[in-house]
Amino acid sequence: MNTRYRPVREEGLPEHTLDCHGCGLAQTVPRLRPGQSAYCVRCRHPLARVSRFPFSLPPALGLASLILIALVYTQLFMQVEMPGMFVRLTLPEMVRVLLAQDFGVLAEVMLALTFGIPLLFCLTCLYVYGGLLWRRQLPAMLWVTRVLVRLRYWMMVDVFFISTLVAEVKLGTVAVTEYGPAFWLMFALSVLLLRMAQSIPEHWVYFQIQQLRGREPAKLLRTANTVNCSKCLFHQPASRSRCSVCGSALYRRRPESMSTSLAFLLAALILYLPANLMPIMISSNPFVTEINTILDGIAYMWRQGDRLVAVIIFSASVAVPVLKILALMVLLYSAKVRPLLEHTRLALLYRITESIGRWSMIDIFVIIILMSTFRTHVARVVPGPAAIYFCLVVILTMLAAIYFDPRLLWDKMAPVSNRKTVKHSA
Ligand SMILES: [Zn+2]
Ligand SMILES: [Zn+2]
């Protein structure tokens, strides 16, 4: 008889202990069945979740998304008609236009955020869930899971879709635009990818992989000599340097979190100046050449009566980056020196900062769409140098938020709240 340890597969998560990823508070999570979630009692951060159809939903969404990606990238995206000009645009055509005009960096950024990363996300999802469904431990499964989890932040198909709507309003004054099938399919793809990113809870995935490996059950309970892995949230002996469940480096708080985050933030702050002072878009026709900075462009649209577009571009290109840089400064100061806001507010500020950053890419995507449309002898739109600086500002502030460990805020505040409780009960 085979005496190897082979438990019956647990579909949900058993009762276990873990430290909240948002504030570090140790707590007990009750047994979770498919469709159930647990939230932190202190900061409301999601602690653990099991999707409703935990094994089948993500790969089904992944497969559907792959088909949609293939269609979105081959079908007609939009066509634009104006006197003397008729353009039929597909997404590969947009990338080709950027490459042909020496804006290789923008082409790579657009291709990565709207095609490469979503594609890789679907493929890694199918690989990991394929292993889970067929109960096979596949080569490099842990490594692929780590990649899968990280890619979630960097998919921007939904941002590109909204950018198309903004570009359409801008184009609407001079041209007649018509959407092709790829545009509508892109909306469906955005929804599927968002749903998919939501339905892959990494804590549960690592638990399932650990069950597949069959050697030992995941470490579910804390002891005096364990440390809770920050990535998979299972306990590991404090003497280890790497987690045996997920393979990540083990630490209580992300090492050098504040200095790394501050370095990214300072770099973003420096690049924010040329991003605003230099021209972001140069448009020309036989009579006039217009060189626009971000603020010029917004003021021009406001005066022209395109107030909605002006407000959207202002929010995405000015308000979001500025508020995000300020929020990160407040968070870093609060973690390092003293809290500037109540701790639940700081936790909320962190969550908002982490989630809104990618919407700043709207302006860049709008310029890419306009540029692919206006490229005749008569009228041309070309990105200015600020476009590349602005892209870097968005990416750097996103990195600054990702590298910031929000548990540091609570480490600083814990004594304050304890005192409060003591005073309360006295
Ligand atoms: Zn918490
Ligand atoms: Zn781990």
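For the numbers below, each heavy atom of this structure counts, side chains included, while hydrogens, waters and symmetry mates do not. Quick caveat, the model's predicted, so the values are computed rather than measured.
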Give the intermediate values and the outcome of side chain to side chain contact (heavy atoms under 4.5 Å, CB included) for residues Arg52 and Leu57. CA-CA 8 Å; Arg52 191 173 294 277; Leu57 183 64; 5.8 Å; no
Would the distance check show the side chain of Ser257 and the main-chain N or O of Tyr403 forming a donor-acceptor pair, the cut-off being under 3.5 Å? yes
Any chance you could lay out the ring-ring contact (aromatic ring centres under 6.0 Å, His included) test for Tyr206 and Phe234, step after step, and finish with the verdict? CA-CA 9 Å; Tyr206 285 123; Phe234 290 105; 7.9 Å; no
Side chains of Met281 and Leu370: does their closest heavy-atom pair fall under 4.5 Å? yes
Report yes if the distance between the aromatic ring centroids of Tyr129 and Phe55 is under 6.0 Å, otherwise no. no
The residue among His16, His21, Lys231 that forms side-chain hydrogen bond (donor to acceptor under 3.5 Å, both in side chains) with His203 is His16
Between Leu346 and Pro339, is any pair of side-chain heavy atoms under 4.5 Å apart? yes
Quick one: is the NZ or CZ of Arg152 closer than 6.0 Å to the six-membered ring centre of Phe121, and within 45° of its axis? no
Does this structure show an ion pair linking Arg96 with Glu93, if we count only N-O contacts that are shorter than 4.0 Å? yes
Any idea how Tyr73 and Phe115 line up, ring-wise: parallel (<30°), tilted (30 to 60°), or perpendicular (>60°)? tilted
Main-chain N/O of Arg222 paired with Thr226 side-chain donor or acceptor, under 3.5 Å: no
Please answer whether the main-chain N or O of Arg33 pairs with a side-chain N or O of Gln36 as donor and acceptor at a distance below 3.5 Å. yes
Measuring from Ile312:CD1 to Arg307:CZ, what's the distance to the nearest 0.5 Å? 14.5 Å
Would Asp363 and Ser317 count as a side chain to side chain donor-acceptor pair (under 3.5 Å) here? Give the steps. CA-CA 6 Å; Asp363 206 13; Ser317 313; 3.2 Å; yes
Non-hydrogen atoms of Ala268 and Val393 that approach each other most closely: O-CG2, 3.7 Å
Going by heavy atoms in the side chains, are Cys40 and Cys23 under 4.5 Å from each other? yes
Leu193/Cys122 under side chain to side chain contact (heavy atoms under 4.5 Å, CB included): CA gap, chis, key distance, verdict: CA-CA 9 Å; Leu193 288 174; Cys122 295; 4.1 Å; yes
With a 4.5 Å limit on heavy-atom distance, are the side chains of Ser163 and Trp359 in contact? no
Point-to-point distance, once rounded to the nearest 0.5 Å, from CE of Met278 to CG of Asn276: 12.0 Å
List the atom of Pro34, the atom of Pro54, and the distance in Å for their closest heavy-atom pair. CB-CD, 3.9 Å
Is it true that a side-chain atom of Ser334 and a backbone atom of Leu340 form a donor plus acceptor pair closer than 3.5 Å? yes
Does any N or O in the side chain of Trp410 come within less than 3.5 Å of the main-chain N or O of Arg42, such that one atom is a donor and the other an acceptor? no
With a 3.5 Å distance limit and no angle check, can you tell me whether Arg146 reaches the backbone of Cys246 through a side-chain donor-acceptor pair? yes
Ignoring hydrogens and geometry, is there a side-chain-to-backbone donor-acceptor pair from Arg240 to Arg242 under 3.5 Å? yes
Donor-acceptor contact present, side-chain Thr164 to main-chain Phe160, <3.5 Å: yes
Strictly by modelled atom types, are Ser283 and Glu290 linked by a side-chain donor-acceptor pair under 3.5 Å? no
Kindly assign one of parallel, tilted or perpendicular to the pair Phe183 and Phe77, based on the angle between their ring planes and the thresholds 30° and 60°. perpendicular
Could you tell me whether Arg407 and Asp19 have a side-chain N and a carboxylate O separated by less than 4.0 Å? no
All heavy atoms of Leu98 vs all of Met371, minimum pair found to be CD2-SD, 3.6 Å
Can a donor-acceptor pair be found, under 3.5 Å and without considering hydrogens, that links the side chain of Tyr350 to the backbone of Gly22? no
Evaluate the side chain to side chain contact (heavy atoms under 4.5 Å, CB included) criterion for residues Leu185 and Leu189: first the C-alpha distance (whole Å), next the side-chain angles of each, then the deciding distance (0.1 Å), finally the verdict. CA-CA 6 Å; Leu185 291 171; Leu189 178 62; over 6 Å; no
Does Phe404 reach the side chain of Leu331, with side-chain heavy atoms less than 4.5 Å apart? yes
Between CG on residue Leu295 and CD1 on residue Ile313, distance to nearest 0.5 Å: 12.0 Å
Polar side-chain atom of Ser261 near backbone of Met258 as donor-acceptor pair, under 3.5 Å: no
Are Asn228 and Gln236 close enough that some pair of their side-chain heavy atoms sits under 4.5 Å apart? no
Just do the side chain to side chain contact (heavy atoms under 4.5 Å, CB included) check on Arg351 and His45 with the steps written out, would you? CA-CA 9 Å; Arg351 285 212 280 278; His45 191 87; 4.0 Å; yes
On the ring face of Trp154, is Arg358 found with NZ or CZ under 6.0 Å from the centre and within 45° of the axis? no
Shortest non-hydrogen contact between Phe86 and Arg88, atoms and distance: CE2-CG, 3.7 Å
Just do the side chain to side chain donor-acceptor pair (under 3.5 Å) check on Arg213 and Gln210 with the steps written out, would you? CA-CA 5 Å; Arg213 293 161 94 192; Gln210 187 73 7; 3.2 Å; yes
Counting C-beta onward and ignoring hydrogens, is there a side-chain heavy-atom pair between Pro279 and Pro385 closer than 4.5 Å? yes
Show your working on side chain to side chain donor-acceptor pair (under 3.5 Å) between Thr17 and Gln27 and close with a plain yes or no. CA-CA 6 Å; Thr17 57; Gln27 43 208 299; over 6 Å; no
Closest non-hydrogen contact found for Val157 with Thr114 is CG2-O, 3.7 Å
I want to check something: taking the side chain as every heavy atom from C-beta on, are Tyr153 and Glu354 in contact at a cut-off of under 4.5 Å? yes
Minimum heavy-atom distance between Met155 and Pro118, given as atom pair plus value: SD-CA, 3.8 Å
